[in-house]
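Scroll down for the structure; my scribbles are underneath it.
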Amino acid sequence: MPLSEHEQRLLDQIEQALYAEDPKWANTVRISDPRSHYKRRLVKASIGFALGVVLLMVGVVAAQIWLGAAGFVVMLATCLWGLSSWKRMNGFGESPPAAPGRGRRPQRQSFMERMEERWRRRHDEH
């Protein structure tokens with residue numbers, strides 16, 4: 001349902017006030033492509049991974065096991081964080097939209113059933 005003219009004017013006034021109050025937030029909100037946020041997270045994850053490598057190497061050179069282990073944990077955590085951002089940025093892991101009129105979730109297929117279905121689709125394409 002579209003907004004009435006009065007509601008649209010009120011919404012515009014609220015939006016103008018928010019933009020005037022916090023321009024940094026307004027700039028963040030104006031970015032319409034969510035991939036830019038994920039790219040920023042990827043850059044941060046890369047920097048964190050490099051920091052983890054440095055910590056790991058310093059821990060090895062200084063014979064400090066706890067520092068090397070901390071570096072490895074930092075590397076692992078930032079790698080997982082970056083991977084999740086990369087997946088979201090490229091659209092992997094998103095579930096397809098549900099079929100209309102289906103209230104129940106379909107039964108999960110076994111591994112062999114999925115492989116057989118892939119095999120059938122592959123033969124149908126050729």
Side-chain angles (χ1 to χ4, degrees):
M1 168 187 274
L3 296 175
S4 69
E5 193 174 311
H6 175 69
E7 292 170 332
Q8 186 64 44
R9 270 188 274 124
L10 285 175
L11 185 62
D12 289 338
Q13 288 174 357
I14 292 170
E15 187 177 351
Q16 295 281 335
L18 286 173
Y19 287 157
E21 186 177 315
D22 193 357
K24 185 179 178 184
W25 177 80
N27 188 30
T28 304
V29 172
R30 281 187 186 131
I31 298 173
S32 61
D33 189 11
R35 288 182 290 182
S36 63
H37 297 294
Y38 294 125
K39 286 179 186 177
R40 195 174 313 130
R41 285 178 66 180
L42 276 174
V43 169
K44 290 178 183 178
S46 300
I47 292 169
F49 186 82
L51 179 66
V53 169
V54 169
L55 284 174
L56 180 67
M57 291 300 154
V58 169
V60 168
V61 170
Q64 298 291 325
I65 295 173
W66 65 270
L67 190 59
F72 179 77
V73 169
V74 168
M75 287 170 49
L76 182 64
T78 56
C79 185
L80 292 174
W81 188 46
L83 184 62
S84 71
S85 297
W86 182 77
K87 282 182 172 181
R88 288 180 183 162
M89 184 174 68
N90 292 320
F92 294 111
E94 295 177 358
S95 60
R102 298 193 83 152
R104 272 186 357 141
R105 196 171 152 188
Q107 284 268 326
R108 187 176 176 112
Q109 295 178 333
S110 71
F111 175 75
M112 289 305 293
E113 290 171 338
R114 289 191 309 253
M115 288 294 125
E116 289 173 3
E117 181 63 31
R118 287 181 187 170
W119 181 259
R120 281 189 219 110
R121 276 188 273 150
R122 195 174 295 157
H123 280 287
D124 290 343
E125 290 176 1
H126 290 66

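As the structure is a prediction and not an experimental result, all values here were calculated from the model.
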Check ion pair Glu117-Arg114 (N to O, under 4.0 angstrom): no
Within-4.5 Å side-chain heavy-atom neighbours: Arg41 and Lys44: no
Working to the nearest 0.5 Å, report the span between NZ of Lys39 and CG of Leu42. 9.5 Å
Shortest non-hydrogen separation from Met75 to Leu56 and the atoms involved: SD-CD2, 4.0 Å
Co-membership, hydrophobic cluster, residues Val74 and Leu67, 4.5 Å side-chain: yes
Just to verify, what does Trp119 make a ring pair (Phe, Tyr, Trp, His ring centres under 6.0 Å) with, not counting sequence neighbours? His123
Can you see which heavy atom on Gly82 is nearest to which on Ala45, and at what distance? CA-CB, 3.6 Å
If you group Ile, Leu, Val, Met, Phe, Trp and Tyr by side-chain heavy-atom gaps below 4.5 Å, do Val58 and Ile65 land in one group? no
Cluster check Leu55, Trp66: I/L/V/M/F/W/Y, side chain < 4.5 angstrom: yes
Give a yes or no on whether Glu113 atom CD has more than 12 heavy-atom contacts from other residues, nucleotides or ligands under 6.0 Å away. yes
When rounded to the nearest 0.5 angstrom, what distance separates CD in Glu15 from CG in Leu10? 12.5 Å
